[in-house]
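To start, the structure under review is shown below, and the notes come after it.
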Amino acid sequence: MVIIVLAVVVSLGRKTLPLLHEYRAEVAQFVSARLGVQVQIGSVEGAWRGFRPRLKIHDISVQTHQQEPIVSAALVETQIDLPSLLWDWRLAFRKLQFTGVKGRFNQHEDGRWSLNGMALSAPQNSEFNLRDPLDIFLFGKRVQINDAQLDFTFRTGHATQIVLPQILLENDDDFHRLRLGFAVDADKKALTLVVEGKGDPRDEEAFHANGYLGLDHFPMEKVVAATGLAAWQHLDQGRWSDGARVNLKLWFEGNFAKGFALSGNLLAQDVPLKLPANLRLPERTQANISGRWQADAGWQLVLGQLQLHWPQASSPKLNLSLGGKQGEPLLLALDQLDLTAWRQLANQLDLHHPVLDGLATEGVLSNIRMRQASSEDGYFDLEANLTGLGVYSMNGSPQIRRVDGYLHTSALGGTLDLASDHGFSMHYPSVYHDPLDYDSAHGQLRWALDQPNKQVLVSSSRLSLRGEEGPAEGHLYLALPTEKTPTSETLMELVVGLKNSEARFHKKYVPYTANPKLLSWLDLAIKEGRLIDGGFIYRGSLLKTPITSRSMQLYLNVENARLAFDPHWPELTDVKARLIMDDSDLRVDVSDGLL
């Protein structure tokens with residue numbers, strides 16, 4: 001039965017194909033009606049040899065009803081694969097070749113593109129399937145496009161032309177190859193793409209592909225312009241700049257069952273974007289590229305040894321990773337970020353900001369991981385290890401230095417697990433002349449954004465501190481305003497407790513804002529002694545001219561001390577006493593002493 005049907009089809013085909021030229025007008029009219037455009041065909045040649053019908057269409061053009069050209073081809077040649085058509089009910093070609101293809105695309109004001117003379121279609125809510133492009137390997141034995149010329153007119157009046165000398169798709173049993181290259185205006189080899197595959201593209205386990213993508217001085221300005229970004233810094237009168245070039249070498253291999261891996265390198269020069277006057281993009285960016293994609297594990301792109309170059313300086317090298325998985329937020333990771341080096345780079349580039357200059361951030365962040373988050377969850381979720389982090393005082397805020405630990409935060413709040421074993425320092429310039437220095441510090445700091453009251457609240461767990469005065473325990477609370485107004489001020493509550501120390505260390509904790517006469521008496525009266533236990537509490541403003549009143553309390557329980565109540569009186573020795581200071585009030589209870 002099949003043989004009879006095949007014989008009938010072959011016989012009819014051999015008789016009708018040579019007559020197609022006489023019906024080219026009817027064919028063009030039929031296609032025009034289906035597509036809503038005007039299709040013109042110069043001539044048609046048809047022949048049937050064996051089981052391979054051949055067709056040549058000369059001078060085919062597609063126009064709008066207003067005679068505006070859309071696309072045209074000087075010649076289309078086809079050789080239909082008859083067995084696939086009859087047995088698989090799948091249209092396939094042993095050969096399909098386009099020659100002299102021309103098309104023009106126009107950019108609209110919203111940045112979208114359309115063929116010349118064609119209206120923009122409404123956006124479709126269809127999902128792209130990564131496997132769909134592999135269908136091209138089933139399209140025919142040999143698909144070829146020669147001498148294609150595509151013209152692009154941008155919304156700014158700029159124009160460019162892409163010339164594709166040849167796009168070639170070859171299929172031979174289980175071997176498949178796609179090769180293309182094109183020129184962009186005068187750049188003859190701007191892009192090269194080669195993909196080779198082995199096996200059935202529909203068999204995810206068996207099919208394996210290798211490929212190479214290369215960009216050679218590719219004009220990035222034209223890519224930026226094609227996106228329709230308003231930030232594109234373009235020249236007037238339709239002129240293109242000579243810079244903004246990208247060189248890329250990228251190799252990839254794998255299949256959809258086991259995933260794909262890629263590697264390569266990137267060198268980009270200039271990016272034509274409008275920026276504020278005090279900002280400058282790097283003149284050169286380079287990086288090594290690696291990455292992977294797996295259906296279950298998601299994707300990852302790594303830019304290794306990423307470095308930015310300006311004429312006067314270069315950035316520290318970064319290892320940047322981007323990754324994600326369907327249905328999960330984007331993940332950004334860095335192995336290390338040297339804040340000190342980047343601040344020095346900003347100074348070299350003469351980039352200044354009052355806040356950044358004032359804080360003068362220093363230290364190193366490592367093992368950085370940041371994920372996208374919803375606005376309710378703080379916009380992002382950041383984790384990092386801190387080494388030697390320091391932030392200087394600004395507008396009454398405290399200064400901290402030599403912070404080691406683990407940070408977990410968002411834009412709305414977070415925690416810092418403090419683990420500084422090589423020194424730690426806090427300084428409150430409006431209260432203390434000198435920093436509160438320690439050999440080590442451990443505990444947890446929590447912070448939260450109080451949006452209604454326009455402030456950031458910081459509180460600590462019990463802090464374990466060790467310094468020259470010995471072991472200490474402490475607690476810290478801060479209210480930091482997020483806006484500078486006549487009524488805004490930074491508030492602090494600091495509590496420190498000591499045991500088995502020396503009485504002279506009271507000087508470290510008593511602020512210079514205390515009553516001057518009281519400060520002088522404390523300095524002169526307490527000569528020496530062993531501190532059994534003691535404590536200090538400060539509550540109030542950190543402004544030099546406070547709006548909110550301050551209060552402070554000091555408690556010292558000493559023994560074997562020397563105490564001079566008055567310069568004109570004899571000193572007491574071997575004193576055992578308790579000293580309690582409450583703001584300007586002072587009480588000293590002496591239980592033992594020698595006169």
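Residues P311 and E283 approach most closely at CG-OE2, 3.2 Å, considering heavy atoms. In terms of heavy-atom proximity, A384 sits nearest to I368 at CB-CG1, 4.0 Å. Across all their heavy atoms, Q348 and A313 have their closest contact at OE1-CB, 3.7 Å. Nearest heavy atom pair, residue Q286 against residue L267, reads CB-CD1, 4.0 Å. Between P219 and R245 the shortest heavy-atom distance is CB-NH1, 3.9 Å. Annotation for D151 and Q149: closest pair OD2-NE2, 3.6 Å, computed over non-hydrogen atoms.
Judged purely by atom type and a 3.5 angstrom limit, H176 has no side-chain atom pairing as donor or acceptor with the backbone of L169. In this structure a side-chain-to-backbone donor-acceptor pair under 3.5 Å is missing from N385 to Y406. The backbone N or O of K258 sits less than 3.5 Å from a side-chain atom of Q294, completing a donor-acceptor pair. Of the possible donor and acceptor atoms, one in the side chain of Q372 sits under 3.5 Å from a partner among the backbone N and O of L330. With hydrogens and angles disregarded, no donor-acceptor distance shorter than 3.5 Å links the side chain of S375 to the backbone of Y379. The closest donor-acceptor contact from the side chain of R284 to the backbone of H309 lies at 3.5 Å or more, if one exists at all. At least one donor-acceptor pair under 3.5 Å links the side chain of N319 to the backbone N or O of Q305.
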Test side chain to side chain contact (heavy atoms under 4.5 Å, CB included) applied to Q166 and R179, step by step:
CA-CA 8 Å; Q166 187 181 77; R179 184 171 70 243; 4.0 Å; yes
Given side chain to side chain contact (heavy atoms under 4.5 Å, CB included), test F30 with V39 step by step and report yes or no.
CA-CA 9 Å; F30 173 78; V39 178; over 6 Å; no
Applying side chain to side chain donor-acceptor pair (under 3.5 Å), run through Q67 and Q38 and close with a yes or a no.
CA-CA 8 Å; Q67 307 300 314; Q38 287 190 356; 3.0 Å; yes
Side chain to side chain contact (heavy atoms under 4.5 Å, CB included) for L266 and V246? Distances and angles first, verdict last.
CA-CA 7 Å; L266 168 73; V246 172; 3.7 Å; yes
Side chain to side chain contact (heavy atoms under 4.5 Å, CB included) for Q107 and F105? Distances and angles first, verdict last.
CA-CA 7 Å; Q107 187 181 36; F105 296 83; over 6 Å; no
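The CG atom of L331 lies 8.0 Å from the CD atom of Q300; values are rounded to the nearest 0.5 Å. To the nearest 0.5 angstrom, I41 atom CD1 is 11.5 Å from H58 atom NE2. Rounding to the nearest 0.5 angstrom, the gap separating the CZ atom in F98 from the CD1 atom in I57 is 9.0 Å. Between the CD atom in E170 and the CG atom in L178 there is a gap of 10.0 Å [rounded to 0.5 Å]. To the nearest 0.5 Å, atom CG of residue L339 and atom CG of residue L386 are 9.0 Å apart. For the atom pair CG (D147) and CD1 (I167), the distance works out to 11.0 Å, reported to the nearest 0.5 Å.
Annotation: side chain of L412 is not in contact with side chain of D377 (no heavy-atom distance under 4.5 Å). For the pair L365 and L334, the minimum side-chain heavy-atom distance is 4.5 Å or more. Residues I60 and V76 meet the side-chain proximity criterion, which asks for heavy atoms closer than 4.5 Å. The shortest distance between side-chain heavy atoms of L349 and Q312 falls below 4.5 Å. Inter-residue side-chain proximity for V364 and T340 is flagged as unmet; no heavy-atom pair is nearer than 4.5 Å. Contact of the D200 side chain with the F207 side chain is not registered, since no non-hydrogen atoms from C-beta on lie closer than 4.5 Å. Between N247 and L215, the closest side-chain pair of non-hydrogen atoms is not below 4.5 Å. For the pair I70 and E68, the minimum side-chain heavy-atom distance is 4.5 Å or more.
The aromatic rings of F218 and F182 sit perpendicular, their planes meeting at an angle over 60°, well past the 30° parallel limit.
Between the side chains of Q307 and S314, no donor N or O sits under 3.5 Å from an acceptor N or O. Q144 and N146 share a side-chain donor-acceptor pair at under 3.5 Å. For the residue pair R343/T361, the side-chain donor-acceptor check at 3.5 Å is not satisfied.
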